[in-house]
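Before any comments, here is the structure.
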Amino acid sequence: MQFSGLVIQILNGFAEASSLFLIAAGMSIIFGVTRIVNFAHGSFFMIGAYVAVTIIETKGAAWFWPSLLLAPAAVAVLGLLLEVGLLRRIYHAPELTQLLATYAIMLIAQDVVLYLWGPLPIMGPKAPGLTGAVDVLGRKFPTYSLFLIMVGPLTLAALWAVISRTRWGRLVRAATQDRDMVAALGINQAWLFTSVFVLGTFVAALGGALQMPRQPASLDMDVQAIASAFVVVVVGGLGSLPGAFLAAIIVAQTKAICVWLGLVDIAGMQISMSKLTIVVEFIVMAIVLVLRPYGLLGQPPNLVRQSRHVVTSTILQPLSSRGLLVAGLILLGLVIVPQLRSLFPYLPILALEIMIIVIFASSLQLLMGAGGMHSFGHAAYFGLGAYASAMAARYFGLPLEAALIFGIGLALVGGAIIGWLSVRLTSTYFAMLTLAFAQIVWALFYQFEGIAGGENGITGVWPTGIFGSKTAFFYLVVTCLVAASVFLYRVLFSPFGYALRAARDSAVRSESIGMNVRRLQWLGFVLAAGVAGLAGALFVYSKGSVSPEILTTSRSVDGLVMVVLGGEHAIGGAALGATLFVWLRDTLGIDAEYWRALLGILTLALLLLMPQGLARLTLRKGAGS
């Protein structure tokens, strides 16, 4: 390993750190005042790149430098319209509603970009005057990358000057500390929020426009950008600009060092460190949050202020006789479905997938509704259950029944380890740590080609024995659905379930009367992981294969969407939301070209019009709502 190579990689790391900071800075500013963790922030980054490329294609290469200001300005106007027209309505909504609303905006933005610019990546031109390279220890380093290295610190200095030296900046800092006091002083809080959102949008779009000479504008830029931005903002400390800058350097340099190390021999095993770049940022986030739960420069939240007051309409109620009748009719309908295969060939397939996803979503609702824990990595336990059962059947020849138990067992182990580390955190930090661990699990299976099959996964896993027929396996899934539902219901209305809800509503009061809040939350986490593992194990046998795709963040977010759409605090809410979600995904995905936008619009409409979920329409008070 040459020293010059290390120097080049370190320089690349600083250039990457500047790019990371630009998108993370905007998100950090917005969160500091509005308290919204904005999923759509990556969309502004992506649109900034597309608009900048379009300006240059229309006006010519001489417009490269003006486009770096014009494109962010245009995107900032879009951010203004979005904030005034939509986000103002959800500033006082629950945190999860805000997250899912911005996630829906991201889905809409993806299809809008697809419609306007098409599916193919668009490469921007080289920067005029910065097309060459400089000599560094005998190696060439791009001049434009040197320019990017300077952009990050300059942007930090400019933002810091605005926030610390201007009256507007003082108001922003005051709102960050105490929004209610700012409002009491007569400050127009709404327009203060708008100005902050516009500034954050401008900075994100600037980051996207600056990427033109380095990477093409593409439809996956938003997802890649938002994942990295979340890591940087959380590692640095939510709302801390210096923290975001420090975290960007740490994350980028860690990646650069991994690339420089290349292939490393550890105990006789050849390990490619460069492959770790796909997950190393999440490893960094997990380590930082475990050791320092609120980020490097973040401040711990006020636990008293975080305690939630839950009104009667959101308290989980036992099923009434009417609710039991509805459940019985649904079960009867499921029993009949296989007999309709000749008339409706696709109906049993759709019903099978819905039942499995209902088990998964219901396990997540135990965490969210009763525990108040919003996990962004619940797909990890679904995946652990799936892979464990697939390996048990494929490599050890275990029958289906034993493979299901094996899948549940590994999910329980994973939930016990990850849950023990995660429940120490609260709110957004808890969500981000669960996301980090889920990404680490995904990377393990993605890279573990020898046993897990790597990117291709494991194939050829089908039901055998007494469950070998389609009808027998369908009824097995029905049985598992009933068993999982009864188990979760009994947990919810056991003394443990009531204690878990007490810890959710007021951790401080619960601790004061002798409850071990962390232990309660940990046990709830483990139970939810085990049920999710059952869903994953059944999923493998329904599809005949498993791949790392089932471990992605999008599947975890899909679970959150299902629970919120159905009703986080309603018995049967997860089942209703999962059924609607799977049905819409299958029908819209087949019949509509821009199904993401349609799903996003529908999600936004339901969040705004029925914030308590669809179950509010079907299960009224006294019937299990």
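Predicted, not measured: the structure shown is a model, and the values here were computed from it.
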* Asked: Mind checking whether F445 and Y387 have parallel, tilted or perpendicular rings, split at 30° and 60°?
  -> parallel

* To do: Answer yes or no: is there a side-chain heavy-atom contact under 4.5 Å between W65 and L68?
  => yes

* Below 6.0 angstrom between ring centroids: does that apply to F39 and F230? -> yes

* Asked: Does P548 offer a backbone N or O that forms a donor-acceptor pair with the side chain of T552 under 3.5 Å?
  -> no

* To do: Look at atom CH2 of W420 and say whether more than 12 heavy atoms of other residues, nucleotides or ligands are closer to it than 6.0 Å.
  => no

* Asked: Distance only, no hydrogens: is a donor on one side chain within 3.5 Å (strictly under) of an acceptor on the other, for Q439 and T553?
  -> yes

* Distance (rounded to the nearest 0.5 Å) between I550 CD1 and L384 CG -> 9.0 Å

* Looking only at atom types and distance, does a side-chain atom of D111 sit under 3.5 Å from a main-chain N or O of R596, one as donor and one as acceptor? -> yes

* Any sub-3.5 Å donor-acceptor pair from S43's side-chain atoms to D222's backbone N or O? -> no

* Tell me, with the steps shown, if N38 and F44 meet side-chain contact (heavy atoms from CB on, under 4.5 Å). => CA-CA 11 Å; N38 183 12; F44 300 133; 3.8 Å; yes

* Would you indicate whether the side-chain heavy atoms of S218 and M221 approach each other to under 4.5 Å? => yes

* **Contact check, side chains of F525 and L367, non-hydrogen atoms, under 4.5 Å** => yes

* To do: Mark yes or no for whether Y144, through its side chain, and R214, through its backbone, hold a donor-acceptor pair below 3.5 Å.
  => no

* Asked: Is there a side-chain contact between S554 and V557, using heavy atoms and a 4.5 Å cut-off?
  -> no

* To do: For residues R139 and S4, report the shortest heavy-atom separation together with the two atoms involved.
  => NE-OG, 2.8 Å

* Rounded distance (nearest 0.5 Å) linking atom CZ of R555 with atom CG of L551 -> 9.0 Å

* Using only heavy-atom distances, determine whether the side chains of T58 and W63 contain a donor-acceptor pair under 3.5 Å. => no

* Asked: Say you draw a straight line from CE of M432 to CG of L425; how long is it, rounded to the nearest 0.5 Å?
  -> 11.5 Å

* Asked: Considering only heavy atoms from C-beta outward, does the side chain of I105 approach that of L87 to under 4.5 Å?
  -> yes

* Asked: Which pair of non-hydrogen atoms, one from S228 and one from L20, has the smallest distance, and what is that distance?
  -> CB-CD2, 3.4 Å

* Asked: For the side chain of S28 and the backbone of S240, is there at least one donor-acceptor N/O pair under 3.5 Å apart?
  -> yes

* Asked: Is S422 reaching over with its side chain to a backbone N or O of L433, donor-acceptor style, under 3.5 angstrom?
  -> no

* side-chain contact (heavy atoms from CB on, under 4.5 Å) assessment of I257 paired with T254 -> CA-CA 5 Å; I257 295 300; T254 304; 5.9 Å; no

* **Which atom of M27 lies closest to which atom of I226, heavy atoms considered** => CE-CD1, 3.0 Å

* Asked: Would you say the side-chain atoms of Q211 pair up with the backbone N or O of A217, donor to acceptor, closer than 3.5 Å?
  -> no

* So, S164 side chain and W160 main chain: donor-acceptor pair closer than 3.5 Å or not? -> yes

* Check step by step if side-chain contact (heavy atoms from CB on, under 4.5 Å) holds for T201 and E83. => CA-CA 10 Å; T201 301; E83 196 277 341; over 6 Å; no

* Asked: Is there a donor-acceptor pair under 3.5 Å between the side chain of Y381 and the backbone N or O of A411?
  -> no

* **Student check: side-chain heavy atoms of I122 and E57 closer than 4.5 Å** => yes

* Kindly compute the distance separating NE2 (H378) from CE (M368), expressed to the nearest 0.5 Å. => 10.0 Å

* Asked: Mind checking whether F245 and L159 have side chains closer than 4.5 Å, heavy atoms only?
  -> no

* Asked: So do the side chains of L296 and I250 get within less than 4.5 Å of each other, counting heavy atoms only?
  -> yes

* Structure fact -> Correct closest heavy-atom pair for L289 and G295 would be CD2-N, 4.1 Å

* With no hydrogens and no angle check, is any side-chain donor or acceptor of S67 less than 3.5 Å from a backbone partner on F64? -> yes

* To do: Walk me through it: do L11 and S145 pass the test side-chain contact (heavy atoms from CB on, under 4.5 Å)?
  => CA-CA 8 Å; L11 290 175; S145 294; over 6 Å; no

